[in-house]
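Worksheet for the structure shown next.
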Amino acid sequence: GLVALSRPRFVRERFERALAWVRPARTPTVDVMTGVPGDTPDKIRSRVDYLLRLGCRVAVFPLLALPGTEIWQRRQEYGLEVDERRFHLVRSLRTLPEDAYRRVVEELEGIAAGGAPLEVAGYNILFDPLEGSVARPEPLATGPAVADPAGAIAASDQQVTIWVRD
């Protein structure tokens with residue numbers, strides 16, 4: 001998944017250390033992109049469950065395969081079905097057929113409706129009829145900026161981004 005998106009490999013121990021560093025300042029919010037190569041319903045559920053168990057707020061959204069990007073150029077290799085009428089959102093892939101994708105998104109929406117710190121955004125655009133409206137979610141958290149002299153964290157009142165690399 002991450003390698004196909006030219007992102008660094010996920011290292012659980014480093015990620016958990018970074019969360020421990022951020023927690024005194026705020027509740028971490030973690031973005032989870034779905035529809036990446038290799039995604040399955042179980043992998044999506046597992047990622048979200050892991051992050052919720054760690055006490056994170058979680059924002060889940062679908063992958064965009066924009067023209068000119070590597071993921072766009074390799075979409076056939078990865079078996080991605082991209083909806084060009086809907087902002088180039090990935091609609092399905094070999095390991096995540098559209099009906100299974102819809103079901104796992106509905107499960108996540110149910111978890112969010114139950115009060116979990118989970119935002120499920122962008123799927124109304126992906127799965128609803130084209131004439132449907134688009135909701136704009138509010139920011140998940142606000143708070144003071146975090147200073148990081150090493151430059152591994154970018155922060156604002158709306159978001160903290162942590163780069164965890166080998």
Side-chain angles (χ1 to χ4, degrees), residues 1-66 69-71 74 78 80 87-90 93 95-96 100-127 134-166:
L2 290 175
V3 173
L5 300 174
S6 301
R7 302 278 174 94
R9 182 176 59 86
F10 179 77
V11 180
R12 187 176 292 248
E13 296 78 22
R14 287 178 181 233
F15 176 75
E16 290 176 9
R17 278 197 313 265
L19 288 180
W21 189 81
V22 170
R23 263 200 194 95
R26 68 181 66 210
T27 299
T29 298
V30 180
D31 292 340
V32 175
M33 199 175 337
T34 64
V36 298
D39 249 354
T40 66
D42 287 340
K43 286 181 180 181
I44 294 169
R45 284 185 207 100
S46 176
R47 279 196 302 267
V48 171
D49 181 58
Y50 166 70
L51 294 167
L52 291 173
R53 281 186 285 116
L54 289 176
C56 297
R57 295 178 64 113
V58 182
V60 182
F61 57 93
L63 173 66
L64 296 171
L66 296 173
T69 62
E70 183 176 348
I71 198 77
R74 298 177 71 185
Y78 294 130
L80 303 180
F87 309 104
H88 292 86
L89 291 166
V90 172
L93 53 149
T95 57
L96 187 64
Y101 198 4
R102 283 177 186 255
R103 282 195 304 273
V104 76
V105 167
E106 288 169 0
E107 289 174 29
L108 296 176
E109 289 171 337
I111 293 168
L118 173 64
E119 176 184 3
V120 182
Y123 298 95
N124 59 326
I125 301 167
L126 182 59
F127 295 131
V134 177
R136 290 212 131 122
E138 294 298 317
L140 287 175
T142 60
V146 175
D148 173 36
I153 295 181
S156 70
D157 286 345
Q158 301 297 316
Q159 176 178 329
V160 175
T161 301
I162 304 171
W163 288 274
V164 181
R165 298 179 187 253
D166 287 335

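These numbers come from the heavy atoms of this one structure, side chains and all, not from hydrogens, waters or symmetry mates. Throughout, residue positions are numbered sequentially from 1 according to the sequence presented.
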Write down the atom of [X], the atom of [Y], and the distance for their closest heavy-atom approach.
X    : Y    : result
P41  : A100 : CG-CB, 3.8 Å
F15  : V30  : CZ-CG2, 3.9 Å
Y123 : Y101 : CE2-OH, 3.6 Å
L19  : C56  : CD1-SG, 3.7 Å

Donor-acceptor contacts under 3.5 Å from residues 105-118 side chains, at least two apart:
{"unit_1": "E107", "atom_1": "OE1", "unit_2": "R45", "atom_2": "NE", "d": "2.6"}
{"unit_1": "E107", "atom_1": "OE2", "unit_2": "R45", "atom_2": "NH2", "d": "3.1"}

Mind checking what makes side chain to side chain contact (heavy atoms under 4.5 Å, CB included) contact with A20, not counting sequence neighbours?
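Per chain and number, A20 pairs via side chain to side chain contact (heavy atoms under 4.5 Å, CB included) with no residue.
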
Any non-hydrogen side-chain atom of [X] less than 4.5 Å from a side-chain atom of [Y]?
X   : Y    : answer
I71 : P37  : yes
L93 : Y78  : no
K43 : V104 : no

Sorted by first residue and then second, give each side-chain hydrogen bond (donor to acceptor under 3.5 Å, both in side chains) pair with at least one member in residues 46-56; sequence neighbours left out.
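For residues 46-56: E16-Y50, D39-R47, D49-R53.
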
Pairwise distance CG(L66) to NE2(H88) - rounded to 0.5 angstrom
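NE2 of H88 is found 7.0 Å from CG of L66.
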
Quick check for you: to the nearest 0.5 Å, what is the distance between T69 atom OG1 and L63 atom CG?
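It comes to 8.0 Å.
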
side-chain contact (heavy atoms from CB on, under 4.5 Å) partner of V60, chosen from T34, D31, L51
T34

